[in-house]
Trainee: 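Handing you a structure now.
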Amino acid sequence: MSDIVSEVRRRRTFAIISHPDAGKTTLTEKLLLFSGAINIAGSVKARKAARHATSDWMEIEKQRGISVASSVMQMEYRDCVINLLDTPGHQDFSEDTYRVLTAVDAALMVIDAANGVEPQTRRLLQVCRARNTPIITFVNKMDREVQSPLDVMDEIERELGMTVVPFTWPVGMGKLFHGVFDRRTDQMRVYAAGEDRAGGDEEVLAGLDNQTSAERFGVEWSQAKDELELVEGASQAFDEQAFLAGKQTPMLFGSAINNFGVREVLDALVDLAPPPGPKPAIQRVVEPTEPKFSGVVFKIQANMDPAHRDRIAFVRVASGHFTRGMKLKVVRSGKELRPNTVVSFLSQRRELLDEAYAGDIIGIPNHGVLQLGDTLTEGEALQFTGLPFFAPEIIRSVEVADPLRGKQLKAGLTQLGEEGAIQVFRPMAGSILMLGAVGQLQFEVVQHRLEAEYGVKARITHSPYQVARWVTCPPENGGEVELKRFIDANIHRMAWDAVDAPTILVDHGATLRAVEANWPKIQFHAMREHAGLVFHKAV
């Protein structure tokens, strides 16, 4: 038991979140570099480069220089096991990011110092705040012409409603960026543009009253010193409890692409981010140090190895000690698994895993046995909650260009739907499949993946529907009988989703309001949780 306690204390599990192009994937790569997990950092943007970012592994990510799927990386640093989840910055893939945020204990927010707080940052912060997720802030791109640090600090506090505590402070910016002053150690680290390898000794100058610093860095040093004195008087002291409650964020400055400020981010994660905590299930609260294993599937990825048509279920370990080959129960279906090829990740590179503890992310290869939101235990009937699915904002019809490839289209969409890359709706009356997405880019990615991974050219066209809602009926309102009556009366616009949840598709909001008025006993849901709503196909 003491082994479990000490192993859980070593774990740090966090997600990197930001608006697109703030430098999130670059920072991910540099964190791997500084922890020793990789030797050479890949280029995120250089599309024709021989190397690509470790966390961007899909062909379309390499072509476009963007992240479109969350990726998981595990590394060790200062005797801590760090599980890092790199999320897509693009808002069209926000559902994947929301689900990833249910699997972490902290978040690292990357802010572009030139652009400040951007729309996707706000959206993701709302999710973190709703879960009281502790947040560490890294202000990136100080080697460019950017906003003043005081303005960035003020904007974060105003826009995100959090108190900011600067741990480091920049001296200059752009071509006159000289380094950062660490308030905790009372010393300045001098900036030097980095290469793609970690290494080299950093030059350090002690104290704010250092005459050498004043002479060497001139106006930028004087300005930084004045700003630091202002910050010292105006900003709050770091409060661990406020940070853990998601009300206060430590702020660090640097330049990820130049390897500057990255080690300080790693140190802050180890020193400040909490180890795994209790996880609520419907039945009870599960403590991470309990001896029996439990975990939840928060992500499914198809075709990480296209040659093997595999599907990997990403499982966040919630409690206990996982060992390879142990018997696990899928609570939803009652099926038993004895996974022998469980893997840990460095993005798409995998290693066979012998054991894992609470906080770790493990990958279980399977062929459709596991679904998003599934709870795995050693036998106890637990159901973890909180994995969100949102009603799509855009609905399209999909058909296969070659009628002889219809079977492959259905197989591909079924797998991509189970993965959560897109929402797939199968009409109860009719054969044309419907796709639901948050944004247009999702359809483009699905089209690309269908062709690249399944050999299917798909035509995605406009559909007559604009609004989707999941429908249920509680037992006190007549339950299954009333729901069956509703489905039969609206069969022409009813569909099953990826987990066979009944869904109504309508042309616009006014139609939905009319249907709601006509069926007062039926409940219409714009969001469902895997465990929060119970659906029955046999109604």
Trainee: Would you please test L85 and T13 for side-chain contact (heavy atoms from CB on, under 4.5 Å) and show each step?
Mentor: CA-CA 8 Å; L85 287 79; T13 304; 4.1 Å; yes
Trainee: From L160 CG over to I111 CD1, what is the distance, rounded to the nearest 0.5 angstrom?
Mentor: 6.5 Å
Trainee: Side chains of T185 and V204: closer than 4.5 Å at any heavy-atom pair?
Mentor: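 They are not in side-chain contact.
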Trainee: When you look at D271 and R78, which way does the side-chain contact (heavy atoms from CB on, under 4.5 Å) test go after all the steps?
Mentor: CA-CA 10 Å; D271 295 337; R78 282 179 43 196; 2.6 Å; yes
Trainee: For atom CZ of R10, is the number of surrounding heavy atoms from other residues, nucleotides or ligands below 6.0 Å larger than 12?
Mentor: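 Atom CZ in R10 is crowded, with more than 12 foreign heavy atoms closer than 6.0 Å.
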Trainee: So which heavy atom on A103 is nearest to which on I361, and how close?
Mentor: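 Smallest interatomic distance, heavy atoms only, reads O-CD1, 4.4 Å.
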Trainee: Less than 4.5 Å apart, side chain to side chain, heavy atoms only: is that true for L370 and I364?
Mentor: yes
Trainee: If the test is side chain to side chain donor-acceptor pair (under 3.5 Å), which one of Q74, R12, R316 qualifies with N83?
Mentor: Q74
Trainee: Salt bridge check: are R144 and D112 linked by an N-O gap of less than 4.0 Å?
Mentor: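 No, R144 and D112 are not salt-bridged.
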Trainee: Indicate yes or no: at least one non-hydrogen side-chain atom of L416 is less than 4.5 angstrom from one of L450.
Mentor: yes
Trainee: Return the CE to CZ distance between M527 and F390, rounded to the nearest 0.5 Å.
Mentor: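 Nearest 0.5 Å value for the CE-CZ distance: 6.0 Å.
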Trainee: Just do the side-chain contact (heavy atoms from CB on, under 4.5 Å) check on T385 and Q383 with the steps written out, would you?
Mentor: CA-CA 6 Å; T385 61; Q383 188 74 67; 5.5 Å; no
Trainee: Taking M188 as the fixed residue, which of V171, L208, D182 is the one that meets the side chain to side chain contact (heavy atoms under 4.5 Å, CB included) rule?
Mentor: V171
Trainee: May I ask you to check whether F293 and H321 place their ring centers less than 6.0 Å from one another?
Mentor: no
Trainee: So which heavy atom on V424 is nearest to which on G417, and how close?
Mentor: CG2-CA, 3.9 Å
Trainee: Keeping D226 on the side-chain end and Q223 on the backbone end, is there a donor-acceptor pair under 3.5 Å?
Mentor: no
Trainee: Can we say D239 and K247 salt-bridge, meaning some charged N sits less than 4.0 Å from an Asp/Glu carboxylate O?
Mentor: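 Looking at D239 and K247, the cut-off is not met.
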Trainee: Could you pull out the closest heavy-atom pair between P276 and G359, with the gap in Å?
Mentor: CG-CA, 3.6 Å
Trainee: Do any N or O atoms from the side chain of S6 and from the backbone of D3 form a donor-acceptor pair under 3.5 angstrom?
Mentor: yes
Trainee: Would you say that S235 contacts V164 through its side chain, given a criterion of any heavy-atom pair below 4.5 Å between the two side chains?
Mentor: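 Of all side-chain heavy-atom pairs linking V164 with S235, none is under 4.5 Å.
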Trainee: Of all the heavy-atom pairs spanning I17 and A107, show the shortest one and how long it is.
Mentor: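 That closest heavy-atom pairing would be CD1-CB, 4.2 Å.
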Trainee: Check the angle between the aromatic planes of F243 and F238 and answer parallel, tilted or perpendicular using the 30° and 60° thresholds.
Mentor: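 Because their plane-to-plane angle lies in the 30° to 60° range, the rings of F243 and F238 count as tilted.
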Trainee: So, does T168 use its side chain to make a donor-acceptor pair with the main chain of F253 at under 3.5 Å?
Mentor: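 Yes.
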Trainee: Before giving the answer on side-chain contact (heavy atoms from CB on, under 4.5 Å), spell out for Y357 and I4 the whole-Å C-alpha distance, their side-chain angles and the decisive distance to 0.1 Å.
Mentor: CA-CA 7 Å; Y357 295 88; I4 291 180; 4.1 Å; yes
Trainee: Do T375 side-chain atoms and F384 backbone N/O form a donor-acceptor pair below 3.5 Å?
Mentor: yes
Trainee: Given 3.5 Å as the limit, does a donor-acceptor pair link the side chain of R183 with the main chain of W169, or not?
Mentor: no
Trainee: Taking the side chain as C-beta and beyond, is there a heavy-atom pair between R216 and L205 under 4.5 Å?
Mentor: yes
Trainee: Any sub-3.5 Å donor-acceptor pair from N210's side-chain atoms to T212's backbone N or O?
Mentor: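 At least one qualifying donor-acceptor pair exists.
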Trainee: For the atom pair CZ (R189) and CZ (F260), what is the distance rounded to the nearest 0.5 Å?
Mentor: 6.0 Å
Trainee: Could you state the interatomic distance from CD1 (I136) to CE (M251), rounded to the nearest 0.5 Å?
Mentor: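 Separation between the atoms: 13.5 Å.
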Trainee: Measuring from D354:CG to F322:CZ, what's the distance to the nearest 0.5 Å?
Mentor: 9.5 Å
Trainee: Between N140 and I257, is any pair of side-chain heavy atoms under 4.5 Å apart?
Mentor: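 Result no, sub-4.5 Å side-chain heavy-atom pair not found.
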Trainee: Give the minimum heavy-atom separation between A318 and K279, together with the two atoms involved.
Mentor: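 Here A318 and K279 meet closest at CB-CD, 4.0 Å.
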Trainee: Answer yes or no: is there a side-chain heavy-atom contact under 4.5 Å between T133 and F14?
Mentor: no
Trainee: When the ring planes of F177 and Y191 are compared, do they come out parallel, tilted or perpendicular, using 30° and 60° as the limits?
Mentor: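 The rings of F177 and Y191 sit tilted, inter-plane angle from 30° to 60°.
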Trainee: Using atom types as modelled and distance alone, determine if a side-chain donor or acceptor of Q248 lies under 3.5 Å from a backbone N or O of T163.
Mentor: no
Trainee: Write down the atom of I312, the atom of G363, and the distance for their closest heavy-atom approach.
Mentor: CG2-CA, 3.7 Å
Trainee: Should V296 and T102 count as side-chain neighbours, where that means a heavy-atom distance under 4.5 Å?
Mentor: no
Trainee: What is the distance from atom CD of Q423 to atom CD1 of I395, rounded to the nearest 0.5 Å?
Mentor: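 One finds 9.0 Å between CD of Q423 and CD1 of I395.
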Trainee: Main chain of A256, side chain of T26: is a donor-acceptor contact present, judged purely on distance under 3.5 Å?
Mentor: no
